[in-house]
Asker: 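Have a look at this one.
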Protein chains: 2
Amino acid sequence: MPKVTSFDVARLAGVSQPTVSRALRDLPSVSPQTKERVRAAARQLAYIPHDQGRALSTRTTRRVAVVSEALTNPFYPQLLEPLRGALERNGYATVVVTDGDGDLAGEVLADGSFDGVVLTTARRGSTVARELARRAVPHVLANRVLDEPESPSVAMDNPAGGAAVGRFVATLGHRRIASIEGPDDTSTGRDRALGLRRGLREHGLRIHAGLVRQVPFDHDSGRAATRELLQRDEPPTAIVCGNDVLAFGALSAARELGVDVPGALTVVGFDDIALSSWPVINLTTVHCDLDALGRRAVDLLLAQLRGGRVAGHDVLAPTLVLRGTHGPPA
Amino acid sequence: MPKVTSFDVARLAGVSQPTVSRALRDLPSVSPQTKERVRAAARQLAYIPHDQGRALSTRTTRRVAVVSEALTNPFYPQLLEPLRGALERNGYATVVVTDGDGDLAGEVLADGSFDGVVLTTARRGSTVARELARRAVPHVLANRVLDEPESPSVAMDNPAGGAAVGRFVATLGHRRIASIEGPDDTSTGRDRALGLRRGLREHGLRIHAGLVRQVPFDHDSGRAATRELLQRDEPPTAIVCGNDVLAFGALSAARELGVDVPGALTVVGFDDIALSSWPVINLTTVHCDLDALGRRAVDLLLAQLRGGRVAGHDVLAPTLVLRGTHGPPA
DNA sequence: CCGTGGTCTGCATACGTATGCTTGTCAAGC
DNA sequence: GCTTGACAAGCATACGTATGCAGACCACGG
């Protein structure tokens, strides 16, 4: 592809290839006149330095991989954006590596294509982080964490958020409370569910086993689970969801079945993604500061890229945000 | 990063470096016994071939860049997914290149990091495609097209879709029809708006100049425009939006102002992204088969990657999908 | 006039893998 | 027994850029 190389530029400018390399990077060891001649030649040939060559020579790519599940879940683009911004401000390009099945081979991440890795959707037992650690690839977990906290990580305080929701629905007066939870092998799914139970317990409440559903984090799963729950003999008066997308599914099911929200049903989400604040949705949920999370994660990664050993486990406090999908039981 | 190279493997296996290269790629010119010895050595050292080295040597990256605006607009992840799938099936990895401002420097795309490029958010006057053409970088436009059709492209038949919407709202009986359109420098924004006018004209209708808003393709813009429109002395009875996200904004504004949809206001979108079919939204819109679009775009790209000259301009027919946000005027 | 120091440029080579060509080995065929 | 050929592996080198080191050149001071 790169028909024109630094040798071509050198020939045209009447200098050597190394001089071209130095001149175009504006190193001080090249005289102003030579620089100008080289720049002119490069311009004339529309020369673009070949990135592979540079990367091979410097053993640095200025690229960071962000591993995420399907981007069609709107949560991930919103996490991605702050990560991308922070990385860009520090001179790194972001490459999104989609990990559809959650069993990505670690090899792709350690073949020299990236200077570092951000894992956003690690499963609790995933070995990818361990493998990266073994190969000394700078990396950080953002959003989800592992059971064995070997790698640095940043996450929301999901247990605390879950507990806050529990206390909130209890205080509203609800007693028949359902929980639509995310997968148990994700730290977000499990921690929020555990937190919810703790919050309810503080008010002397428990979740009836029949009112618990554990499903993947997507709209249709939330919708199906909610349909089941609402068609029980004694349907719940409140449904707490493991994330916002599940809550959208709950709202969809309620709409389909003609159940009024919040009159006859309270729905609470978790994440506070952009859609949730749209008046057409107006979801009561738990706000997560993904900007802060992304910035912090990138800080931890940069520290490693600069050669330091890093082992922090940051936890950010979420906050309940009250909108239009909650109320006292009918 | 790659502490262990093919030379290390060669030394351990007692063979030469080229033999390692051939053995691990399972070339026939290596004896089975040698292959096994090399594989064992590679396994023992946890050897991962350095991608930069391979890329430099073969002058091929097996990577394709997909250029898109911010992924927080849910349309793009949905276009991305079929593209990614089709590329993956053909052995190419997808790299998302985010083009926040729409003025991406073409250099990044032509520095040898990618074998090909898919442009999804090109502005009408963009020179990026031309630059790629000049440098003989295989590329294709998917979704949006250019005024000068120099590069191969695939897009929905946006004028036809717009016309269908125009005829539809006219047939419903609406007369005060508003149009919230996307930016004029995008082919989607302009073509859909032109199509709408054509469809209405067929029914002897015109859009009052005061009922036209041209805004960026995002929720808040749609919401703000709709608030303005609904607070006029004679508000529109139907609002046609340049895409679904704008329509969500319209629904938000209607909700805020207590305007009933579809009782007092008809809202129509364009794209039929996943959210639109959620019962909680249930938007009447124009369906675009992004799977087909993505597959076709990748086909055109692959033809170029295999060395062919390609110059097709494919257009796919969209279809109106009637859901819950339309009705006759009050 | 020679030596010194500083400035600029070029030479040689490294980075890790892939591949054309050559060499070596061995068995079969005449 | 020598040739032929097939097969297996190694040698040399290419890909494009970056960098340590050496050398050239110039000006200046003694």
Side-chain angles (χ1 to χ4, degrees), chain A residues 1-39 41-42 45-63 107-108 110-115 135 137, chain B residues 1-39 41-42 45-63 107-108 110-115 135 137:
Chain A
M1 200 89 63
K3 314 178 102 109
V4 35
T5 74
S6 52
F7 284 93
D8 301 317
V9 177
R11 200 173 311 120
L12 180 60
V15 299
S16 70
Q17 178 271 327
T19 297
V20 171
S21 171
R22 291 190 259 251
L24 293 182
R25 283 178 301 145
D26 206 25
L27 297 193
S29 67
V30 177
S31 73
Q33 305 91 305
T34 306
K35 273 181 188 167
E36 199 35 65
R37 246 188 322 146
V38 170
R39 289 209 193 94
L45 296 177
Y47 167 67
I48 297 182
H50 191 61
D51 191 67
Q52 314 278 357
R54 189 200 52 70
L56 185 58
S57 185
T58 62
R59 263 154 311 178
T60 188
T61 64
R62 304 301 289 176
R63 262 190 271 257
E107 311 222 336
V108 196
D111 71 355
S113 302
F114 310 107
D115 290 352
R135 296 189 185 276
V137 177
Chain B
M1 200 92 61
K3 314 179 102 109
V4 35
T5 74
S6 51
F7 284 95
D8 300 318
V9 177
R11 199 173 312 122
L12 180 60
V15 298
S16 70
Q17 178 270 326
T19 297
V20 171
S21 172
R22 290 189 258 251
L24 293 182
R25 283 177 301 143
D26 206 25
L27 297 193
S29 66
V30 178
S31 73
Q33 306 91 304
T34 306
K35 273 181 188 167
E36 198 36 64
R37 244 184 326 139
V38 170
R39 289 207 193 96
L45 297 177
Y47 168 67
I48 297 182
H50 192 61
D51 191 66
Q52 313 279 356
R54 188 200 52 70
L56 184 58
S57 185
T58 62
R59 263 153 311 179
T60 187
T61 64
R62 305 300 289 175
R63 261 189 272 257
E107 311 219 338
V108 195
D111 70 356
S113 302
F114 310 106
D115 290 350
R135 296 187 185 276
V137 177

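To find a chain, count down the sequence lines: A is the first, B the second, and so on, and within it residues start at 1.
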Asker: Considering heavy-atom distances to DNA chain D, does B:Thr58 or B:Arg37 have its closest nucleotide positioned more toward the 5' end?
Answerer: B:Arg37
Asker: What's the closest nucleotide to the side chain of A:Ser16 if the choices are C:dT19, D:dG16, C:dG10?
Answerer: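 Selected nucleotide (nearest to the side chain): C:dG10.
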Asker: What is the distance from CD1 of A:Ile48 to C1' of D:dC15, rounded to the nearest Å?
Answerer: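 About 18 Å, once rounded to whole Å.
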Asker: One pair to check against side chain to side chain contact (heavy atoms under 4.5 Å, CB included): A:Arg22 and A:Val15. What are the steps and the verdict?
Answerer: CA-CA 11 Å; A:Arg22 291 190 259 251; A:Val15 299; over 6 Å; no
Asker: At their closest point, which heavy atom of A:His50 faces which heavy atom of B:Leu56, and how far apart are they?
Answerer: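 Heavy-atom minimum between the residues: CD2-CD1, 4.0 Å.
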Asker: How long is the line joining NE2 of B:His50 and P of D:dC15, in whole Å?
Answerer: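 It works out to 19 Å between those atoms.
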Asker: Can you list the steps and then say if A:Arg39 with A:Asp26 is a salt bridge (Lys or Arg N to Asp or Glu O under 4.0 Å)?
Answerer: CA-CA 10 Å; A:Arg39 289 209 193 94; A:Asp26 206 25; 3.2 Å; yes
Asker: What closest approach, in Å, do A:Ser113 and A:Thr61 show between heavy atoms, and which atom pair accounts for it?
Answerer: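 Between these two residues, the closest heavy atoms are O-OG1, 3.5 Å.
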Asker: By the definition side chain to side chain contact (heavy atoms under 4.5 Å, CB included), identify the one residue from B:Leu12, B:Thr5, B:Val9 that meets it with B:Val20.
Answerer: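 Between B:Val20 and the candidates, side chain to side chain contact (heavy atoms under 4.5 Å, CB included) is satisfied uniquely by B:Val9.
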Asker: Just to be sure I understand the geometry, which residues of residues 20-35 of chain A put a non-hydrogen atom under 4.0 Å away from DNA chain D?
Answerer: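 Nucleic-acid contacts, sorted: A:Ser21, A:Arg22, A:Arg25.
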Asker: Rounded to whole angstrom units, what separation is found between the CG atom of B:Leu56 and the P atom of C:dC15?
Answerer: 14 Å
Asker: Given atom CG of A:Asp111 and atom P of C:dG16, what is their separation to the nearest angstrom?
Answerer: 13 Å
Asker: Determine the minimum heavy-atom distance between B:Ala23 and B:Val30, stating which atoms define it.
Answerer: N-CG2, 3.9 Å
Asker: Roughly, in whole Å, what's the span from CG in B:Asp8 to P in C:dG16?
Answerer: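 B:Asp8 atom CG is separated from C:dG16 atom P by 9 Å.
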Asker: Could you tell me whether the side chain of B:Arg54 and the main chain of B:Thr60 form a donor-acceptor pair under 3.5 Å?
Answerer: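 Yes; at least one donor-acceptor contact below 3.5 Å.
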Asker: Please state how far atom CZ in B:Phe7 lies from atom C1' in D:dA9, giving the value in whole angstrom units.
Answerer: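 Rounded to whole Å, this separation is 15 Å.
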Asker: Are side-chain heavy atoms of B:Arg25 and B:Ser21 found at a separation under 4.5 Å?
Answerer: yes
Asker: Quick check against the 3.5 Å criterion: does A:Asp111 have a side-chain atom that pairs as donor or acceptor with the backbone of B:Pro49?
Answerer: no
Asker: Select base, sugar-phosphate, or nothing to describe what A:Gln17 touches, counting heavy atoms under 4.0 Å on all strands.
Answerer: base
Asker: So, is B:Thr19 close to the D:dG10 phosphate, meaning a side-chain N or O under 4.0 Å from OP1 or OP2?
Answerer: yes
Asker: Provide, to the nearest angstrom, the distance between the CZ atom belonging to B:Arg59 and the P atom belonging to C:dA18.
Answerer: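 Whole-Å distance recorded here is 13 Å.
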Asker: If you fit an axis to the five pairs at each end of the helix from C:dC1-D:dG30 to C:dC30-D:dG1, how big is the angle between those two axes, to 10 degrees?
Answerer: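 For the helix from C:dC1-D:dG30 to C:dC30-D:dG1, the axes at either end differ by 70°.
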Asker: Taking atom C1' of C:dA14 as reference, at what distance in whole Å does atom CD of B:Gln52 sit?
Answerer: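 Rounding to the nearest Å, CD of B:Gln52 and C1' of C:dA14 are 15 Å apart.
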Asker: OP1 or OP2 of C:dG16 sitting under 4.0 Å from any side-chain N/O of B:Thr5?
Answerer: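 For C:dG16, neither OP1 nor OP2 has a side-chain N or O of B:Thr5 closer than 4.0 Å.
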